[in-house]
Protein chains: 2
Amino acid sequence: MTNSNLTTKAEEILKAAKFNCTKAQVLLLKELLISDKPLSREELIQHMGQKCPDTVTVYRILERFCERGLVHKVYLQSRAWKYELGHNCTTKQCHPHFTCSDCGETFCLTGSSLPLIKDLKKGFVIHRQQVNIDGLCPACS
Amino acid sequence: MTNSNLTTKAEEILKAAKFNCTKAQVLLLKELLISDKPLSREELIQHMGQKCPDTVTVYRILERFCERGLVHKVYLQSRAWKYELGHNCTTKQCHPHFTCSDCGETFCLTGSSLPLIKDLKKGFVIHRQQVNIDGLCPACS
DNA sequence: GCCAAAACTGCAACTATATTGCAATTCACA
DNA sequence: TGTGAATTGCAATATAGTTGCAGTTTTGGC
Ligand SMILES: [Mn+2]
Ligand SMILES: [Mn+2]
Ligand SMILES: [Zn+2]
Ligand SMILES: [Zn+2]
């Protein structure tokens with residue numbers, strides 16, 4: 001996809017979700033669109049290079065995106081939160097993630113899934129089920 | 001279980017895992033033994049009261065316990081890590097956790113489980129699978 | 001295109017969480 | 001009981017995320 005097509009796509013997504021097409025939001029969304037794994041604030045900032053908005057702005061954009069479900073936080077071993085688009089997830093279930101204990105790399109297992117948990121006691125309402133697997137990746141095993 | 005029995009139990013566990021029975025390690029392990037959910041460093045310190053060891057010591061003990069598998073870190077929404085004994089978990093799978101988006105309470109779903117993920121690409125080696133569910137607890141739904 | 005209101009941004013200060021270095025203390029075990 | 005190894009406390013430091021506020025950009029109506 002050309003950079004210009006990518007920009008258009010990002011703008012369309014923002015409009016559809018009723019976000020303003022500010023430079024910072026478009027730039028950040030483009031990074032999320034081309035990533036094949038969840039990214040930390042730090043990683044996003046590195047990828048965005050010189051045009052990168054302020055750290056605080058990055059956090060605030062991510063928070064806004066999360067509030068409306070455009071983006072998910074993924075809770076992994078790393079101390080820093082990671083963020084990814086929600087588009088590979090069903091209503092109640094995110095695809096599983098695999099993190100290598102050795103090299104630290106995280107992989108999105110978009111092809112795999114587990115059933116939603118059953119037999120929850122009365123009164124529990126599931127919003128989203130996340131699966132995280134620790135282990136060794138092909139490069140490290 | 002009386003407090004003295006609990007102490008004995010903690011000491012036995014420590015010895016079995018080749019840990020020294022220091023005051024701090026016994027005290028901390030006792031807190032983990034009586035908890036029905038994963039606890040943060042902050043929560044552990046509050047529970048331990050005046051006899052509580054230094055914050056740094058708490059972190060270091062937890063780290064040592066984790067290294068040898070006595071304790072697991074649980075990765076939840078909260079920014080602070082949470083810790084629990086590994087004794088409710090099988091080799092490759094921890095019991096699922098449910099965290100209420102409203103009140104923030106975390107529940108150990110020791111009665112439920114999901115199958116281990118299948119069809120992982122060649123070369124991936126699973127160490128541990130964690131399942132985290134966000135939603136509403138009975139009190140909040 | 002121009003304007004006002006709303007949304008967004010950057011900077012500085014701040015909070016929360018975890019780590020490191022090092023000297024002092026405690027523990028296991030002979 | 002004495003000794004080396006393991007553990008601990010304290011102070012300093014690092015890392016991750018938040019808040020307040022003034023200034024800028026964006027949108028939507030004209
Ligand atoms: Mn993913
Ligand atoms: Mn648990
Ligand atoms: Zn690896
Ligand atoms: Zn609740």
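Note that the coordinates shown come from a computational prediction; the quantities given were computed from them, not determined experimentally. Within every chain, numbering begins at 1; the chains are lettered A, B, ... in the order of the sequence lines, protein sequences first and strands thereafter.
What separates CH2 of A/Trp81 from P of D/dT18 is a distance of 5 Å, to the nearest Å. As a whole-Å value, the separation of B/Asn20 CG from C/dT25 C1' is 13 Å. Rounded to whole angstrom, the span from the CG atom of B/Leu27 across to the P atom of D/dG9 amounts to 11 Å. In this entry the distance linking CG of B/Leu62 with P of D/dT8 reads 11 Å, nearest Å. In this structure, A/Leu14 places its CG atom 13 Å from C1' of C/dC8, rounding to the nearest Å. The distance from atom CE of A/Met48 to atom P of C/dT9 is 11 Å, rounded to the nearest whole Å. When rounded to the nearest whole Å, the span between CG of A/Asp54 and P of D/dT25 equals 15 Å. Nucleotide D/dG17 holds its C1' atom 15 Å from the CG atom of A/Leu44, rounded to whole Å.
Mapping B/Tyr83 and B/Phe19 onto DNA chain C by nearest heavy atom places B/Tyr83 closer to the 5' end of the strand. Residues B/Ala24 and B/Val56 both approach DNA chain D. Their nearest nucleotides, taken by heavy-atom distance, put B/Ala24 toward the 5′ side.
For B/Arg41 against C/dT17, a side-chain-to-base donor-acceptor contact under 3.5 Å is absent. With hydrogens and angles ignored, a donor-acceptor pair closer than 3.5 Å exists between the side chain of A/Arg79 and the base of D/dT15.
Residue B/Tyr59 places none of its side-chain N or O atoms closer than 4.0 Å to OP1 or OP2 of C/dT19. Neither OP1 nor OP2 of D/dT26 sits under 4.0 Å from any side-chain N or O of A/Thr22. Regarding contacts with the backbone of D/dC10, every side-chain N or O of B/Arg60 stays at 4.0 angstrom or more from both OP1 and OP2.
Within 6.0 Å of NZ on A/Lys73 lie more than 12 heavy atoms contributed by other residues, nucleotides or ligands.
Relative to the ring axis of A/Phe19, A/Arg64 does not place its NZ or CZ within 45° and under 6.0 Å from the centre.
Side-chain polar atoms of A/Thr8 and A/Glu11 form no donor-acceptor pair below 3.5 angstrom.
Taking the six-membered ring wherever Trp is involved, the centroid distance between the rings of A/Phe124 and B/Phe107 falls below 6.0 Å.
When the side chains of ILVMFWY residues are joined at heavy-atom separations under 4.5 Å, either directly or via intervening members, A/Val74 and A/Phe98 end up in two distinct hydrophobic clusters.
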